[in-house]
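Everything numeric in this text was worked out from a predicted model, so none of it was measured. Computed over heavy atoms, backbone and side chain alike; hydrogens, waters and symmetry mates excluded.
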Amino acid sequence: MGDLWIVARKELREQLRQGSDVLRYIGFAVILGAFFPMTYLNQGYGTVVVGSVLWLGYAGITTASVATLGAFFAERQRGTLETLFTTPLTDLSIFAGKMIFSLVVSLGSVLAAGVMQFVAVNAIKRLVPQLGVGMADLIVLPPVAYLALFLVLPTVLFYTVSVGTLVSLRVASVRTAHLINTLATFLLAIPGALVILLLGPRLTMNFVLALTAVMLNVDWLVLWLALRYFSREAAILNIPE
Amino acid sequence: MDSPWAIQTNGLTRYFGGRPAVDSLSLHIPRGCIFGFLGPNGAGKTTTVRMLLGLLQPDSGWVEILGQRMTPYARDLRRQIGVVLDRDGLYDRLSAWDNLQYYGEIYHMAPGERHRRSEELLRQAGLWERRQDLVGGWSRGMRQKLALLRALLSNPPLLILDEPTSGLDPLSLKMVRDLITSLARTQQRTVLLCTHNLDEAERICDQVGVIRSGRLLLQESPGALRTRMSLPQVTIAASRLTPPTIDAVTALPGVRAVQQEGGHLTVTLAQPEVCEEVVATLVAQGAGIREVREATKSLEEVYLQLMQQEA
């Protein structure tokens, strides 16, 4: 367990030290947290709630995707992963340490996006009251929305990180890695759409629980694939440009 | 019982795309030895090193490090190996200090010991004042030194170093060579040194192994290699070297070749003992001998000769 934290801490130190990376993560939080809720202006409280959860989720997913590629792909590209493989660290420690980092950063991004959303909605209510019709004063989300954030979102982030890991360790071009990761993220729409088809488009307790159950199964499958197809040799021999 | 070998391989073979990158390689490197692993680009050195470290699995054969079989899961064994690969493996966005601390943590060194050892090594390498700089902005030579310090941090009994001195200035080069030599001589560490620098191999290695097309051509000391690969030669500085004198020396049964450059003769002999006969002939022919010196081939000359023979 200790090794896992050593790797996760190093990732935090390394990636968050770079100003451009931090700015990028803040950018995701600002754009997805503050600007996109504007698209729900004047559409009533219920729509704002669903929209909020969705965009907060996407803030996390985007950050998770970028952070995972940074943690794995960049390390392969620079040759540091090969040196890391020569140490007593197990593959699982390297794997899980980096995944923990990506999850922490993406959850941080969701939190930051939530704060931005809170500020944006309240600014609209104060500055242009006619556009904020139907929005609750402090956009206090109903309990089911928090349930969605705390149950579904971690499973979705886990999926994104696992796919990112699988892709980062095998492909030889960063563009391909980003492309596959983006496509895989879009695949998330499938379980979401299935649940909506079955239960309707409202954010209900059943919807959240059903989506969580589906996502947990998807997570296991992707994690199994990531571990099953992890290969030191592929990561070392196929050095990306 | 402890194995006398720091590294032992038997029939190590690895194919890439149907072609053998390493072919039936059997190495025996004794403990406390500085072993130079030589060979042209693409000869199979990196693949061999990767198999020694358990990064690649051999298609056949096995590797034993410090008496234990190397596998991808040999964690305790990895703890005993310090490594510098062809790519330095340093984190550009971390400072020199943080790079060392990270590896110290991975090797489970206590914080106090980690800090003390990092300071000692950084001071020794002249990098102490730059310890808080991000490594990304460093020159290749400075990075190489830091990568070597990282390998030494946990005091491992075995060091596997791939081109550790490339890009170093003469002063740093000497520092690194002295460090490697002292590790082997005073602390009985074993060093496997992949290098293209034959002068370096000749200066510091106890044994060299030459690999070509994945096959180990030979493994012996640089001195024994020179002796085995070349016939004895003497260089004679003399006056009155007339054509009849040269002809008389050339006609001697134990003389293989004679080359004259001004007042110097280089005579290649079948056996070292023939030298006395050569000198006697020169004196009898009226030449005035000033100096007789044994001419030795450098490891570089021997290596090139070996490569030409194998080509």
Side-chain angles (χ1 to χ4, degrees), chain A residues 1-25 67 70-98 101 169 227 230-241, chain B residues 14 16-17 21 46-47 49-58 65 70-95 97-99 101-109 134-136 143 147 150-151 153-154 156 158-162:
Chain A
M1 276 301 272
D3 288 347
L4 196 147
W5 297 115
I6 292 170
V7 176
R9 270 205 313 270
K10 190 282 290 176
E11 288 299 329
L12 274 170
R13 262 204 312 257
E14 191 193 14
Q15 287 210 32
L16 299 185
R17 180 170 276 177
Q18 189 76 358
S20 58
D21 280 5
V22 177
L23 275 176
R24 187 162 49 178
Y25 296 139
F72 282 102
F73 196 88
E75 190 138 0
R76 260 179 78 206
Q77 207 168 24
R78 292 189 308 244
T80 46
L81 192 62
E82 186 172 358
T83 304
L84 210 55
F85 284 153
T86 68
T87 68
L89 287 176
T90 59
D91 293 347
L92 193 64
S93 305
I94 298 173
F95 227 77
K98 287 175 182 292
F101 156 76
L169 289 171
L227 291 171
F230 169 74
S231 147
R232 281 184 171 216
E233 297 204 3
I236 291 168
L237 295 176
N238 194 13
I239 299 288
E241 290 301 314
Chain B
R14 170 73 199 219
F16 285 121
T46 301
T47 304
V49 165
R50 283 172 166 167
M51 285 194 282
L52 294 180
L53 293 166
L55 299 174
L56 293 183
Q57 286 310 293
I65 303 282
M70 177 51 92
T71 70
Y73 312 103
R75 290 187 71 192
D76 289 336
L77 197 49
R78 288 217 172 86
R79 234 176 263 289
Q80 301 181 62
I81 311 174
V83 179
V84 176
L85 296 173
D86 54 347
R87 299 169 90 195
D88 59 40
L90 295 168
Y91 293 95
D92 291 354
R93 294 178 185 177
L94 293 183
S95 66
W97 181 259
D98 286 343
N99 264 286
Q101 296 317 299
Y102 180 43
Y103 273 81
E105 285 180 39
I106 288 173
Y107 282 82
H108 293 174
M109 294 171 75
L134 295 188
V135 169
R143 293 176 69 102
R150 183 194 60 207
L153 188 66
S154 62
L158 172 63
L159 289 162
I160 296 182
L161 312 173
D162 198 349

>> Can a side-chain donor-acceptor contact be found between Tyr102(B) and Glu14(A) if the only test is distance below 3.5 angstrom?
In response: no
>> Working to the nearest 0.5 angstrom, can you tell me the gap between Asp86(B) CG and Thr83(A) OG1?
In response: 9.0 Å
> Where is the tightest heavy-atom contact between Arg78(A) and Tyr91(B), given as atom of each residue plus distance?
Replying inline: NH2-CD2, 3.7 Å
> Do Arg87(B) side-chain atoms and Gln77(A) backbone N/O form a donor-acceptor pair below 3.5 Å?
Replying inline: yes
>> Would you say that Leu237(A) contacts Leu56(B) through its side chain, given a criterion of any heavy-atom pair below 4.5 Å between the two side chains?
In response: yes
> Taking atom CD of Glu105(B) and atom CG of Leu89(A), what is their separation to the nearest 0.5 Å?
Replying inline: 10.5 Å
> At their closest point, which heavy atom of Thr87(A) faces which heavy atom of Arg78(B), and how far apart are they?
Replying inline: O-CD, 3.1 Å
> Asp76(B) versus chain A, heavy atoms under 4.5 Å apart: side chain, backbone, both or neither?
Replying inline: neither
> Of all heavy-atom pairs between Thr80(A) and Tyr103(B), which one has the smallest distance, and what is that distance?
Replying inline: O-OH, 4.4 Å
>> I'd like to know which of Asp98(B), Leu90(B), Ile81(B) tops the heavy-atom pair count under 4.5 Å against chain A.
In response: Asp98(B)
> Using non-hydrogen atoms only, which part of Leu85(B) is less than 4.5 Å away from chain A: side chain, backbone, both, or neither?
Replying inline: side chain
> Could you give the distance from NZ (Lys10(A)) to CZ (Arg93(B)), rounded to the nearest 0.5 Å?
Replying inline: 9.5 Å
>> Please report the interatomic distance CG(Leu53(B)) to OG1(Thr86(A)), rounded to the nearest 0.5 Å.
In response: 6.0 Å
>> Between Glu82(A) and Arg50(B), is the salt bridge (charged side-chain N to carboxylate O under 4.0 Å, His left out) condition met? List the steps.
In response: CA-CA 9 Å; Glu82(A) 186 172 358; Arg50(B) 283 172 166 167; 2.7 Å; yes
> Under 3.5 Å, is there a donor-acceptor pair between the side chain of Glu233(A) and the main chain of Gln57(B)?
Replying inline: yes
>> Just verifying a value: how many Å separate Tyr73(B) OH and Thr90(A) OG1, rounded to the nearest 0.5 Å?
In response: 11.0 Å
>> Less than 4.5 Å to any heavy atom of chain B: does that hold for the side chain of Leu81(A), its backbone, both, or neither?
In response: neither
>> For Asp3(A) and His108(B): C-alpha separation, side-chain torsions, deciding distance, then whether side chain to side chain contact (heavy atoms under 4.5 Å, CB included) applies.
In response: CA-CA 9 Å; Asp3(A) 288 347; His108(B) 293 174; 2.7 Å; yes
>> Given heavy-atom pairs under 4.5 angstrom as the criterion, report whether the side chain, backbone, both or neither of Glu75(A) touches chain B.
In response: side chain
> When you measure from the side chain of Arg75(B) to the backbone N and O of Pro88(A), does any donor-acceptor pair fall under 3.5 Å?
Replying inline: yes
